[in-house]
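Heads up: the structure comes next, in structure tokens.
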Amino acid sequence: MRVLGINAVFHDPAAALVVDGQIVAAAEEERFSRRKHGKRPVPFSTWEVPELSARWCLRQAGLEPEDLDAVAYSYDPTLAPALGQDITADGWEGMRTLYAWRAPLFLQTALPGLEPSSVHFVPHHLAHAASAHLAAPYASSAVLVLDGRGERASHVAGRSVGGDLDVLASQLLPHSLGLFYEEATEHLGFLRSSDEYKVMALASYGQPVHLEEMRRLVRTTGDGGFVVEPIEWGAFAKRVPYRAGSAEWDAQHANLAATVQVRLEEVLLELAAWLHHQTGERALTMAGGVALNCVANSRLAAESAFDHIWVQPAAGDAGTALGAALHVAHALGDSVGPMRTAALGSSFTDDEIEAWLITARIDYERPPDIAEAAAEVLAADGVVAWFQGRSEFGPRALGHRSLSAHPGHARNLERLNDVKGREQFRPVAPMVLLDRAAEIFEGPIPSPYMLFTHTVRPEWLDRIPAVIHVDKSARVQTVDPVEEPLVARMLEGFARRTGVPVVVNTSLNTAGRPMVDDPRDALECFGSAPVDALALGPFMIRRPGAR
Ligand SMILES: [Fe+2]
């Protein structure tokens, strides 16, 4: 079966293609449209479908829209509130529902040849759930999905056996842990449904001084669900107005961020305990935007009764494109294989890349081994833009579209945040060779998708200061030479020169822009940011006069 998955309703529009149960391609629309998050999550943008990523998915498999057996759309308007029955304060619910109903026609317009009757509406949280339990490497698992909202709910908890999900609990709106965190994000002066990870970073600078009060406002109900009372955010800290790229915050704001973060972690632990008790499963699979909270994920890994925590790397709404496609493929009888990598996006041949370089009339060389050449620049304390293989699906750079630097110099954090034009309280993350990870970091290992935080062992604190957050944690990506031979070779080359098997890794983009996707994006980024070298496929482009 050829199933195209589509996420279009709220934010992070994306497309994914599953052929005979195997994931062939998945990509966010923003990588093609160059508009961060694809669109703003307003109801009147519901009609916009991810036509560029959908077309790319089809091209990747040599398919035309008429070749599709099914299209899976990750929202089910039959479950949405009736017209005029607003479940949120925005007053636009009816328009969102109407546009979702019309989605098959919008898709047909965007992709001529697509058959509107082939569109299956997949309930939003079942799509999130499928992106976890059908993509994870377990025959059965407990499943937990938490986000801002779907049709009427903000959560689903269940058990998957052989790919069939048995729903055990679902929390209806207005109670939503995702919206709780989004509201805090907005109050703290960041962009909601976009910058939640900044709140998580800010939390490390504060103390959860309002925890007792927050425990009264946000609490589990003992039946797998929870309550979030209306919150007067101004009672905790003065509102900070939103300004792109910066925010003025003080200890009050950091304390509020810490309170929200810790309460979220506590509630997740309680929900996981209930789910473990109900299912007796050893593995917990997770998706939904809340599952991108790597600090909370680490507490679940350390403190919950589950032996394994597996989080969909594209846990936000983009991942519902993949989940919806997997859900429909499974329902149509395909045996759906586990996801082995997040590198599901665009890639380019050496010839294609070289053609871009020739067009740009830029000096380049082709070293015998690009991994060794990059390691050399990094060891000399240069910043390297690293563009290799297929781009990543999901918000994390995992060694395919990365910006790298030496972790041994504390000022490299500031340097990279300057390159990217972003707030100085934001940490950058380490990538580390898998077989060396445990001697440096404590926490879930392997951690190939950067979805957990780790504690840095004391003897390494002085050796990798650039990747250590204020609370002495680091969000690690472990690199397995079998899965990622080129990245591993770069790390080995760096370790040979410096004795440190760790490199700084942050996404290859500048503030407010989507991650670099194609060679032209890479050249534009290189042209405008103080990067010393660009490793573009097998080619090396060096900044004149750089180290
Ligand atoms: Fe969602």
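Note that this is a predicted model, so its numbers are computed, not measured. Note that ligands are numbered from 1 as they come in the structure, with each ligand's atoms numbered from 1 the same way.
One finds a salt bridge joining Glu266 and Arg215 here, because a Lys/Arg side-chain nitrogen approaches an Asp/Glu carboxylate oxygen to under 4.0 Å. Under the 4.0 Å criterion applied to side-chain N and carboxylate O atoms, Glu93 and Arg149 are assigned as salt-bridge partners.
Summary: OD1 is the N/O/S atom of Asp317 found nearest to the Fe ion (ligand 1).
Considering only residues two or more places apart in sequence or on other chains, Arg475 meets the salt bridge (charged side-chain N to carboxylate O under 4.0 Å, His left out) condition with none of them.
Take the Fe ion (ligand 1) as the corner point: the lines to OD2 of Asp147 and to NE2 of His124 open at 90°, to the nearest 10 degrees.
Listed by first then second residue, pairs satisfying side-chain hydrogen bond (donor to acceptor under 3.5 Å, both in side chains) with a partner in residues 267-276 read Thr220-Glu270, not counting sequence neighbours.
Residue His128 counts as close to the Fe ion (ligand 1), with an N, O or S atom under 2.8 Å.
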